[in-house]
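To keep things clear, I will list the structure first and then write my remarks on it.
Predicted model only: the values in this text are computed from it and were never measured. Here is how names work: the chains are called A, B, and so on, in the same order as the sequence lines, proteins then strands, and each is numbered from 1.
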Amino acid sequence: MVSEMINTELVIPTLNPIFAQRNSFRAMSDYPELWELLDSVYDPELPGLTLWDLGVLQDIQVDEQQVLVIITPTYSGCPAVDMMSQDVITALNAANYDDVRVKVTLAPAWCTDMISPAGKQQLANLHIAPPNKDDDPDCPVCHSKNTQLLSQFGSTACKALYTCQDCLETFDYFKTL
Amino acid sequence: MNSIQTNEENKTSLFRFVVALADDSVILSHRLSEWCSNGPYLEEDIALANIALDYIGRARMFYQYAAEVEGENRSEDDLAYLRTEREFTNLIIHELPIGDFAFTMVRQFFLDVFYHLYLQELVKSKDQTVAAIAQKAIKETRYHLKRSEPWIRQLAEGTTESRDRILLAIDELKEVVGELFDMPSWEIELVEAGIAVDRQSLKPAWDKHVQAFLSASDIDFEDTRLQITGGREGIHSEHLGHLLSDMQYLQKTYPGMKW
């Protein structure tokens, strides 16, 4: 049963301690229904990647009638934070939670280890090379290891640009932080 | 959120300290953003704009905290857009015009080395908000340094033209780097309280790193005795007023304007 779920096309390294900790923190929450609701909120620039997958969604607290959602920005100047906050409020309002507040925290500072395995897989599906601590990224299109840095910055603060020397595709690489 | 005592004197010092760090970041960010659509090629254009974005993020975090410390209902926008030139206390190195690409990259290199050393200490601040901002910023600075160093190497060892421009930029900038290590009286107070960083103590490490890096490209870097200072007192070069007239235009023309 488990083997059916493994995607054999691209092997993404499994649980790192930081994500494992996030996962168990979520599992212990008293409000699993709220976490599930927010699994419908996506990063505005990374289709199919939820705020949870990206590691931006940190905590959900409920105080009487008010829902407090705590998020952390990927990069300090990330312009998507305002839109993410608005999307969180819209999603919860739609499920009849009327009193919703979003708080942006800085600590613990976001890092790429907070991204879920599903999130890394989704990055690869979008042809964005997932973060890779040790080495230059593999080409997300043809999987060649023969890639070269083109620019340390790409379309957003969280990405760099690489070129594949084999298939010649220029691709985004989600920087390790 | 923070554990420091908030007596009045301490509060004023903390505000001056935090708002100055915000001013440094927002002014440098504005300068970097001037490269947008003017970079030497597309990828470089994007890179400089992204670094500008990192600095505006840093400025926002510091301004938000400064506003909170001050407690007088001023917002981050009020602090950035409605203060006058003499109220800005950024260090002069951040406000100088972008010059040519060599000047911009030498400034980034000098500042990246400085912030790398500075933020490493600031993460230990007893003020939890300051420490959290530093923790966020240092990751970005490490990355900036990885970018500015190869550029200096490449330009210094490139053509005669590119090397000359690097040398000229170093000559101009070394008159304003000294101010990075000056300690205003209120910052000394905060060092004693475990909140701020003793900038002077970072000077030997900065000198060592910059000298070693430049000497590998056969460039002698020596300190100059003449240092232009005054930023922390609100005394600036003739360039800051012009920058502010551009940066603050919208808020001053349409007060309270929002996106």
Inset, instruction - Tell me, please, which residues at least two apart from B:Glu157 pass side chain to side chain donor-acceptor pair (under 3.5 Å). - result: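 Here the qualifying residues are B:Ser217.
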Inset, instruction - Heavy atoms only, distances under 4.5 angstrom: which of B:Arg60, B:Lys136, B:Glu44, B:Glu43 has the most pairs with chain A? Name it, please. - result: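 Answer, by heavy-atom pair count under 4.5 Å with chain A: B:Lys136.
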Inset, instruction - Between chain A and each of B:Glu140, B:Arg58, B:Arg142, count heavy-atom pairs under 4.5 Å; write down the option with the most. - result: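 So the answer, after comparing B:Glu140, B:Arg58, B:Arg142, is B:Glu140.
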Inset, instruction - Run the numbers on B:Asp24 and B:Arg232 for salt bridge (charged side-chain N to carboxylate O under 4.0 Å, His left out), then give the verdict. - result: CA-CA 10 Å; B:Asp24 286 343; B:Arg232 285 285 187 260; 3.0 Å; yes
Inset, instruction - Would you mind checking which part of B:Tyr143 comes under 4.5 Å of any heavy atom in chain A, side chain (CB onward), backbone (N, CA, C, O), both or neither? - result: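 The side chain, not the backbone.
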Inset, instruction - Kindly indicate, with the supporting measurements, whether the criterion salt bridge (charged side-chain N to carboxylate O under 4.0 Å, His left out) is fulfilled by B:Glu161 and B:Arg165. - result: CA-CA 6 Å; B:Glu161 173 83 18; B:Arg165 286 180 185 238; 2.7 Å; yes
Side chain from CB out, backbone as N, CA, C, O: work out which of these in [X] comes under 4.5 Å of a heavy atom of chain B, or both, or neither.
X	answer
A:Pro108	neither
A:Thr156	backbone
A:Thr176	neither

Legend entry - A:Trp110 and A:Tyr75 aromatic ring geometry - parallel, tilted or perpendicular at 30°/60° bounds: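 The rings of A:Tyr75 and A:Trp110 sit tilted, inter-plane angle from 30° to 60°.
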Legend entry - Ring centre gap for B:Phe101 and B:Trp151 strictly below 6.0 Å: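 Centroid separation for B:Phe101 and B:Trp151: below 6.0 Å.
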